[in-house]
Amino acid sequence: MSKALVCSCEDVTVEDIRHAVAKGFRDVESVKRFTGFGTGVCQGKSCLSAVAALLAREKAQKPEGIVPFTPRPPLYPTELSLLASYPVDESKPPVGGVPQELDTFPATLRPEGSVPTRARVVIVGGGVLGLALAYNLSLRGETDVVVLERGYLCAGASGRNGGGVRMQWGTAANIQLAKRSIELMGRFARDLGINVWLRQGGYLFMAKTKAVAERLERSAALHNKHGVPTRMLTLDEARDVVPGLSLEGAQAVSYNPEDGVIFPWPFLWGYANACRKAGIKVETYTRVTGFELSDGLVRKGKTDRGDISCDTVVLASGAWSPEVARLAGVSLPNEPHRHEILSTEPLKPFLGPLVSVLDSGLYFSQSMRGEIVGGMGDALEPAGLNMGSTLRFVSRFARALTEQLPNLGHVKVLRQWAGCYDVTPDNSPILGRTPGLENLLQLSGFVGHGFMMAPAVAERMAQWMTTGASDELFTRFNLRRFQEGKLEREDMIIG
């Protein structure tokens, strides 16, 4: 095998690129994710042109479709201590971000030919929820399914998160779903043939105020009731779990050693590959433009590659779900909210669990390659489909991180990015049938945590769809609850 390098930062070879093309990854963004090229210290400055030339030589894509991947700030690796020194006016909401436009994909990347003219089930959204549902439908004999994705796989929130998976939730329903999901993640390599690198180093939650400390204690008791081994730690015990952690301002700490982190991208690829092997069509770079309705049913889905007649439509578009729902005349209470995230240069492994300050939404973990990966909530972030990156975020995050791990001030940030949470009024998902359109099924509103709930929710939804058996999940979390005032409040939301 050739050892000719195209990306010296990440040791990506010519053969690695060819292998990606053979696997069906034919545009620059997809090849970047499959091989890791462009994610090292130089952020593609040395390798992007070489990969583009190789894709052209391999005829992987039309020349006009070989466009650079999205540039990520900062331009050059920058120390956390320097970023933390940038002044931020916490009284004003964040604005803008770079790059500003991430929702438009070159028309040349759209596949040639039309979509299938007929399918029993059309799933709108090729993120982990949509793909996991399609896969679980195939396990139950339903393979006449088409999944529509507006961009490349991993373009949305499923490919933009930190990979955290946890059982520490504030409601029994979410605890049970998370337990089952993590169980299925542990079998993913065996069942779907791709390793998602589940590392159960735990989640360590910190509370800085009395109210949040009391919430942690109540949640820990609920976890124990449902078989999750969460325990409250003293500050000294917490420092034993994470040496060097200052626990600045901490009043309480909870820890579940069975929580963990997975690598998001192969999670999607594993489901997509299994779907395709089962005969399910996964149509990327295909945008839904409308629906044909009659007699209280969706009859067709309209796309920029033709129409699909169908028996059932599933809306699994995450933060884009309200936008897609409006095409069918349906108003959803969901709102998209940007959440930013970053990655540092790699360090020698030292951090076992994912650490989170529940009050501020700060979270950080260490990847398999040694990078510190983390994000932080912003209470002033306005609603809207915005995936640009801001200096405000990286400054706030750098200050909060170095407050808890002071020895990381010299560590350099390599890149930052953003994704959108799909936020509902009660921080719980919208599932089941749509009032007035009985064959339009809802699978959205997971507030940034559909990624970790997908295996369990998809398993139950596929069973419900194919057997018709009653499942309280799809009545309890139905869209009607907002009109009826039966909200399902979840308060252990981070990020």
Side-chain angles (χ1 to χ4, degrees), residues 114-127 129-150 275 278-283 286-303 305-318 320-334 422 424 429-446 450 454 457-484:
S114 62
V115 293
T117 58
R118 167 78 192 167
R120 283 178 57 84
V121 180
V122 171
I123 299 174
V124 184
L129 282 161
L131 292 170
L133 176 60
Y135 166 71
N136 276 275
L137 287 170
S138 75
L139 295 182
R140 289 157 179 79
E142 183 55 85
T143 58
D144 189 10
V145 180
V146 174
V147 180
L148 303 174
E149 168 54 45
R150 67 187 181 88
C275 287
I280 289 170
K281 303 292 185 183
V282 180
E283 303 284 351
T286 303
R287 186 179 293 271
V288 173
T289 59
F291 297 98
E292 184 176 301
L293 314 175
S294 67
D295 300 322
L297 296 172
V298 179
R299 303 295 182 177
K300 285 184 180 179
K302 297 178 177 293
T303 81
R305 295 176 54 219
D307 299 349
I308 311 177
S309 299
C310 54
D311 297 333
T312 302
V313 174
V314 181
L315 185 54
S317 306
W320 285 261
S321 292
E323 187 177 280
V324 178
R326 280 194 293 272
L327 299 174
V330 175
S331 178
L332 297 181
N334 316 34
D422 183 20
T424 59
I430 300 176
L431 305 172
R433 300 191 185 279
T434 303
L437 283 174
E438 290 297 295
N439 68 337
L440 177 61
L441 307 184
Q442 300 288 336
L443 182 57
S444 66
F446 282 87
V457 173
E459 181 181 59
R460 287 176 64 170
M461 190 165 189
Q463 182 175 4
W464 173 70
M465 289 172 64
T466 55
T467 67
S470 176
D471 187 326
E472 62 93 23
L473 199 65
F474 304 102
T475 53
R476 181 176 177 181
F477 292 100
N478 192 277
L479 184 57
R480 289 189 181 92
R481 77 178 187 270
F482 299 103
Q483 292 179 330
E484 297 170 352

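A quick note: this is a predicted structure, and the numbers were derived from the prediction, not measured.
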Partners meeting side chain to side chain contact (heavy atoms under 4.5 Å, CB included) with E484 (sequence neighbours left out): R480, K486
Not counting sequence neighbours, which residues clear ring-ring contact (aromatic ring centres under 6.0 Å, His included) with F477? List them please. none
Which residues satisfy the salt bridge (charged side-chain N to carboxylate O under 4.0 Å, His left out) test with R476, sequence neighbours excluded? E472, E488
Test of understanding: with side-chain hydrogen bond (donor to acceptor under 3.5 Å, both in side chains), list the residues that count as partners of S444, not counting sequence neighbours. N334
Contacts of R305 meeting side-chain hydrogen bond (donor to acceptor under 3.5 Å, both in side chains) (sequence neighbours excluded), chain-then-number -> E283, T286
Can you list the residues that meet the side chain to side chain contact (heavy atoms under 4.5 Å, CB included) rule with S114, with sequence neighbours excluded? none
Check: V121 main-chain N/O paired with T312 side-chain donor or acceptor under 3.5 Å: no
Contacts of type side chain to side chain contact (heavy atoms under 4.5 Å, CB included), residue L129, not counting sequence neighbours: L443, F446, A454
Set of side chain to side chain contact (heavy atoms under 4.5 Å, CB included) partners for D471, sequence neighbours left out: R460, W464, L473, F474
Straight-line distance of R481 CZ to L431 CG, nearest 0.5 Å: 7.5 Å
Could you tell me the separation between the CE atom of M461 and the CG atom of L441, rounded to the nearest 0.5 Å? 4.5 Å
When rounded to the nearest 0.5 Å, the distance separating CD1 of I430 from CG of L332 is 5.5 Å
Qualifying residue for side-chain contact (heavy atoms from CB on, under 4.5 Å) with L440, from T434, L479, L297: T434
Kindly write out the residues that satisfy side-chain hydrogen bond (donor to acceptor under 3.5 Å, both in side chains) with N136, not counting sequence neighbours, or none if the list is empty. none
Closest approach of D422 and G445, non-hydrogen atoms and distance? OD2-N, 2.6 Å
Residue set satisfying side-chain hydrogen bond (donor to acceptor under 3.5 Å, both in side chains) with S294, at least two apart, ordered chain then number -> R299
Sorted by chain and number, sequence neighbours left out, ring-ring contact (aromatic ring centres under 6.0 Å, His included) with F291 holds for none
When you measure from the side chain of T289 to the backbone of K302, do you find a donor-acceptor pair of N or O atoms at a distance under 3.5 Å? yes
Please identify each residue that fulfils salt bridge (charged side-chain N to carboxylate O under 4.0 Å, His left out) with D311, with sequence neighbours left out. R118, R120
